[in-house]
Number of protein chains: 2
Amino acid sequence: MTQLMLTSTVENYLKALLKLSNQGENRVSTGDLAKALHVTPGSATSMIKTLAEAGLAHHKPHYGVLLTEKGHILAVHVVRRHRIIELFLVNVLEMEWDEVHAEAEQLEHVVSDEVITRMDKLLGYPTLDPHGDPIPTADGMFIERPLHPLSQCEAGQRVQVARISDQNSSFLKFAESHGLTLGATIEVQRRNEHAESITLQSNEEEITLGFTAANRIEVEFVK
Amino acid sequence: MTQLMLTSTVENYLKALLKLSNQGENRVSTGDLAKALHVTPGSATSMIKTLAEAGLAHHKPHYGVLLTEKGHILAVHVVRRHRIIELFLVNVLEMEWDEVHAEAEQLEHVVSDEVITRMDKLLGYPTLDPHGDPIPTADGMFIERPLHPLSQCEAGQRVQVARISDQNSSFLKFAESHGLTLGATIEVQRRNEHAESITLQSNEEEITLGFTAANRIEVEFVK
DNA sequence: CACTCCTTTTTGATTAGTCAAAAATTATAC
DNA sequence: GTATAATTTTTGACTAATCAAAAAGGAGTG
C-alpha cells in the first residue's frame, strides 16, 4: 500500500478506468486502457501495477483491472471537478460548449476543492454539465437519467436531445449547426438498417447520421 | 537554441528570475534563484543552462543570470495570468484575498489565453490585483505607480495603503485584521530607529510593525 | 495436444527535474 | 599574496512516466 502522488497522469488513468468499466463488462483490459490514454500497452501495465500497489485498483495479470472503492471515489471526484469546470466556463465565462472540454481537462487536476465548492454554489448546485452529462454530488453520487441512444429510435418517434457524450470539438460544432443542441426536439423520419443510418427532421432541415454518430446522442421520448 | 517545453517548472524559474532581477542590481545569482524556488543550487544551475540553451536567459558562469527579451516576455505573461486569476478568484468567486495566491500559483500554468482574455473582460480590464500589484497589459506593459514603502515614512505622515506585496497568507490575515487593507488611510505615529520599528494609527487602534514587515507595505501620501 | 495469433508483461533506455556531495572557482581576510 | 571561506558548477544517482522491442501467457482451431 505504497502512498501515491495524485499527479495529473494518475488522475487521468483513474478517470479512464472509471469510464471504461462502465461500458461493457466491468473489467478493463490493458489494451483498451492504453488506447484510451494514447500510451503503449507497456506504459499502461506499469501504471496499473502502481495503482494496484497504492490500493486504487485490483489487478489480476492477463485478466483485467478494476478500480477499488478508494480508486472509484477518487475517479468520481475528478469527473465532478471536470464537469463543474465545464459548466462554469460556459455559464460564467461564456465560452463555447465545444471548446470547454480541453480546457477542463487541464484545470481538473489543479483546481482546489475550495474553488470547486464556490463554482458549484455560484452555478446553483447544477446536476448536468453543458453536454448533458450528470455532475456527481460532492459525496460521489451519480444521478443517472433514463435516456435512450438516438441510434436505436424508431421512425416516427419525437424525441428531445438530452446528452451528447462526445468530447470532440468538431463533432459538437457539427451537431450544433444542425440544431442538435440540448433540449431541442427532433423527429425520427426513417431508419436504414443496411446503410446503418438514421434520418431526422430538425430545425426545418433533414439530416442523416450514421449509427455510430447517432449512438453518441442520447434522447428522451416526447409523447 | 534548443526548443523547450514551457512546463510549470520552467515558468516558475522565469517568474523568479523576473522578480529577482527587479530588486537590487540586475543579474541574479544562482544561490538567490535556488532559495527563491526552494531547490538546491545544483538544480538551479542545471535549469539555468537549460534556459540559456533555449534562448530564454543569458548566463555568464560564476557571475549571474538574466532573462533575454524572449524570456522576459514569457515571464511577464505568467505574471499577468497569475494576477488576473487572483483578482478573478476574489471578485467573481468571492475568495479571501489571503488564500488566492496559492491557488493562482497552480492555475497560472494551465489556464489558456482564451480563458484569461474572458476573465480580463469580465473583470473590466483591471490594472491592479487584490494586493495592489499591477497587472501587465496583454502586450506585456507594466504600469507602475509611484509608491513608497511604509517602512520609510516619517512620523505624522498620513498615508493610504496601496500595495501589500507579500504572498504569505498569515501575514495578509494579520494585516487585514489590523485595518491594513488596500485603500485604508492610516497615520504614522512615530518611528524608532533603534528598535527598527514604526507605529501607526489605524482603525481606532495603534499598531507597531518592524521595518522588514513595514517594507512589504507600500503607500501613497495623503495631503 | 500442438500450433498459431493476439494480448499482456517484462526489460532496457530515455527525458525532465531533482538531490547530495565532490570539485572548481571567486571573494575575503589577514 | 596566500590561505580560508563562500559560492557555483559538476558529477552521479534517483524517481515518474514514457517508448520500443523482446519474452511470456492465454485462447482458439484443427
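A distance-only check finds no donor-acceptor pair linking the side chain of B:Arg163 to the backbone of B:Glu218 [under 3.5 Å]. Using modelled atom types, one side-chain atom of B:Arg145 and one backbone atom of B:Ala162 make a donor-acceptor pair closer than 3.5 Å. The backbone N or O of A:Leu56 sits less than 3.5 Å from a side-chain atom of A:Thr68, completing a donor-acceptor pair. A:Arg191 contributes a side-chain N or O that, together with a main-chain N or O of A:Cys153, makes up a donor-acceptor pair within less than 3.5 Å.
A donor-acceptor contact closer than 3.5 angstrom links the side chains of B:Glu105 and B:His101. A donor-acceptor pair shorter than 3.5 Å can be found between the side chains of A:His109 and A:Asn12. Side-chain atoms of A:Ser43 and A:Thr40 form a donor-acceptor pair, as typed in the model, at a separation below 3.5 Å. Judged purely by distance below 3.5 Å, without hydrogens or angles, the side chains of A:Glu86 and A:His131 pair a donor atom with an acceptor atom.
Note that CG of B:Leu180 and CD of B:Glu176 are 10.0 Å apart. Values are rounded to the nearest 0.5 Å.
Within residues 55-63 of chain B, the residues approached by DNA chain D to less than 4.0 Å at the level of any non-hydrogen atom are B:His59, B:Pro61, B:His62, in residue-number order.
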Would you list the protein and nucleotides 14-19 of chain C atom pairs, both N or O, that sit under 3.5 Å from each other?
{"unit_1": "C:dG17", "atom_1": "OP1", "unit_2": "B:Thr7", "atom_2": "OG1", "d": "2.6"}
{"unit_1": "C:dT18", "atom_1": "OP2", "unit_2": "B:Tyr13", "atom_2": "OH", "d": "3.3"}
{"unit_1": "C:dC19", "atom_1": "OP2", "unit_2": "B:Thr40", "atom_2": "N", "d": "2.9"}
{"unit_1": "C:dC19", "atom_1": "OP2", "unit_2": "B:Thr40", "atom_2": "OG1", "d": "3.2"}
{"unit_1": "C:dC19", "atom_1": "OP2", "unit_2": "B:Ser43", "atom_2": "OG", "d": "2.6"}

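Reading DNA chain D from its 5' end, the first and the last nucleotide to sit under 4.0 Å from a heavy atom of chain A are D:dA17 to D:dG26.
Using a 4.0 Å heavy-atom cutoff across all strands shown, A:Thr30 reaches sugar-phosphate atoms only and no base atom.
More than 12 heavy atoms of other residues, nucleotides or ligands shown are found within 6.0 angstrom of CD on A:Glu144.
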